[in-house]
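Let me begin by presenting the structure, written as structure tokens, before commenting on it.
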Amino acid sequence: MNETTTPTAQSLIASSLSKGDGNIPGVNSGRAAQIVMEARDLSVYYGDFLAVRQATFSIARNEITAFIGPSGCGKSTILRSLNRMNDLIHSARVVGTVLYRGIDLYGPLADPGEVRRRIGMVFQKPNPFPKSIYDNVAFGPRVNEKFTKSELDGVVEDSLRKAALWDEVKDRLKASAFSLSGGQQQRLCIARALAVNPDVLLMDEPCSALDPIATGRIEDLMREIKSEYPIVIVTHNMQQAARVSDMTAFFSVESTGDTNRPTGMLVEYDRTVDMFSHPHDERTLSYVSGRMG
Amino acid sequence: MSIILDPSVSLTSTVDGKRRRKDMLFLALLWFGILLAVVTLVVLLVDTFLTGRSRLNWEFLSGHTSPFAEDAGVQSAIFGSLWVVLPAGISSLLIAIGTAAYLEEFTKPESKVQAFINLTIQTLAGVPSIVYGILGLAFVARGPLDWGFTVRTASVVLAMMILPVMIVASREAIRAVPSSYREGAFALGCSRWQCVRQQVLPAAVPGIATGSILGVSRALGESAPLIMLGALAYVSSNPTGFGDYYTVLPLSIYKYATEADSEFQYAAAGAIIVLLAMLLVLNFTAIVIRDRSRKSL
Ligand SMILES: Nc1ncnc2c1ncn2[C@@H]1O[C@H](COP(=O)(O)OP(=O)(O)OP(=O)(O)O)[C@@H](O)[C@H]1O
Ligand SMILES: [Mg+2]
């Protein structure tokens, strides 16, 4: 179904890598070949307001990337511009480049629907559809492709297993998704996102509405699936970022002269172990050691 | 173990007497309003029922509308109303859903198109029904379409008349669909149209059903524009097609009620009861549709 590497995509990656800086100091150089997405000088405006300016980072296979930073620094904004969910906000405008396997996400070759199917998203608040558990998971496959009943059953079971929810719901697939607990609903949303066989998974504070046990299950789940799906997770929880992520991007806000609304910026982007043990930037140090935000 | 009483804490109400009296007064006004509405309704219903009771029989229901008191029935009026109102309701509902979905999901909220259409709809919703009758007379019954005084003419004009209400109701229902459903659908790769078709409209069905019943009820109870459009006073057969002449229940009620013979008063009351029953059935259908689609959530 989902061709992960086509020759054209490969050659495009190669050409983009020669220009870009996929390599991070101190990160093994093999990473460059694993890069799936890359943001270069990515800025997002809401109307005239510059919400985030010039972020540059990359997302590689087999890695979980964490976005951390104080509230309002633009983590969600950047995340949503990685799969064009920002298109739905009329005032939002994206400047800069986002490459997905070498293809410009905002270029003429990218259809927003296809972009969002390949780059899945899980939201902060579990948002199951007002349908049965089965129909929630089957929704994406149904609109994107033709499946027979048994193929669809297979996709649903597979996705629910990956999301570690199958055993809890296998006897009541026809029950309303709203009959699940919050943590189960969030795992259902993850299963729903996995069902369309995405290539990258974006998660915006997926555990913020959950208790520690449910959070733990979702973190385990992330570790299990990261070999198949590179994950970007926004989190306010330092321990969570330290526990699950391989790379961390720390965002902060700064007040620029002309407006009084502070603009978000990417302060530091590095391997999580390095970021948490010896950050380069003073602001990162205070944030990860809990002195601000 | 026991908790020591803290003298600095008080849980008694801090609302003073004056404010409490104001609250009471307001509550009394509310109750008065409710009572007034309910009592008026009950008195009217009971009176109508007592007057029309003698006519609630098979002869009355199966008899056609007639200028002779002893023959006066409602069958042709019931079928006339159904022939006129059902197509009007269905067609304006479809157009309203399309319009509402377009405005809510496909245009930007602050766009010029939307501002213009909003103004138009609000103005149309306030136009008196007789004006639609005159419009229909000039353009549909005569003029360019020249359909004459037929079921088709009446149906089209009623559809135009209730369209603004239906659009407003459908828009409200669509706007009430949580945006998280839309986001979820888009995040799975849906196009805008797929999102509307698969998530927004199904979730809006209960609201659309409840809201559009208002429009259909209005069409069912309307007589003024149909007088302009040549609804007949007495018809001795049911319509069999859109090109037939017709009468409708509200018009029969009006005719019976204005006849001098007191026998006709009973017929008028009987026809009112029939009209009320039809409205009840309509509302009940809407409730069933709403609950069905809620249950499937
Ligand atoms: N739809 C919008 N329209 C206008 N401004 C917006 C919109 N969404 C976000 N913003 C602004 O953009 C900035 C970044 O918001 P964003 O939601 O990305 O922050 P965040 O880092 O995700 O914060 P949090 O941690 O609280 O979720 C904020 O100043 C916010 O007010
Ligand atoms: Mg956020």
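A, B, ... follow the sequence lines: proteins, then strands. Residue 1 opens every chain.
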message: Does any backbone or side-chain atom of A:P112 lie under 4.5 Å from a heavy atom of chain B? Answer side chain, backbone, both or neither.
response: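 Neither; nothing under 4.5 Å.
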Taking side chain as everything from C-beta outward and backbone as N, CA, C, O, which of these in A:R84 sits under 4.5 Å from a heavy atom of chain B? Side chain, backbone, both or neither.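 Neither the backbone nor the side chain of A:R84 comes within 4.5 Å of chain B.
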Taking side chain as C-beta onward, heavy atoms only, is A:R117 less than 4.5 Å from B:L188?
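They are not in side-chain contact.
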Taking only residues two or more places apart in sequence, or in another chain, which ones meet A:S245 in a side chain to side chain donor-acceptor pair (under 3.5 Å)?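 Per chain and number, A:S245 pairs via side chain to side chain donor-acceptor pair (under 3.5 Å) with A:T248, A:T272.
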**Asked** With a cut-off of 6.0 Å (strictly less than), are more than 12 heavy atoms of other residues, nucleotides or ligands near NZ of A:K170?
**Response**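 Correct, the count exceeds 12.
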(message) Counting only heavy atoms from other residues, nucleotides and ligands, does the tally under 6.0 Å from NZ of A:K174 exceed 12?
(response)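 Above 12, so yes.
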Point to revise | Most contacts with chain B, counted as non-hydrogen pairs under 4.5 angstrom, among A:G113, A:A193, A:A195, A:G120 | key: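 Sorted descending by pairs with chain B, the first entry is A:G113.
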Exercise. Rounded to the nearest 0.5 Å, how far apart are CD of B:E110 and NE2 of A:H90?
Worked result: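 B:E110 CD to A:H90 NE2: 7.0 Å, rounded to 0.5 Å.
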Can you tell me how far the SG atom of B:C190 sits from the CG atom of A:N144, to the nearest 0.5 Å?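 Output value for this atom pair is 7.0 Å.
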Worksheet item: Taking all atoms of both residues into account, what is the closest heavy-atom pair of A:K131 and B:Q198, and its distance?
Response: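 Reported closest heavy-atom pair: NZ-O, 3.8 Å.
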What is the minimum heavy-atom distance between B:A187 and A:M121, and which atoms define it?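 The answer is CB-CB, 4.1 Å.
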Notebook entry, point to check: Salt bridge between B:E183 and A:R116, side-chain N to carboxylate O under 4.0 Å?
Noted result: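 Looking at A:R116 together with B:E183, the answer is no, because their closest N to O distance does not fall below 4.0 Å.
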Exercise for review: Answer with side chain, backbone, both or neither: which region of B:R192 has an atom nearer than 4.5 Å to a non-hydrogen atom of chain A?
Suggested key: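 Contact with chain A involves the side chain of B:R192 alone.
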inquiry  = Report which part of B:Q194 has an atom under 4.5 Å of a heavy atom belonging to chain A: side chain, backbone, both, or neither.
reply    =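 For B:Q194, the side chain is the part near chain A, not the backbone.
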(message) Does the plane of the ring in B:Y181 sit parallel, tilted or perpendicular to the ring in A:F129? Use 30° and 60° as the thresholds.
(response)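 Perpendicular: the ring planes of B:Y181 and A:F129 meet at over 60°.
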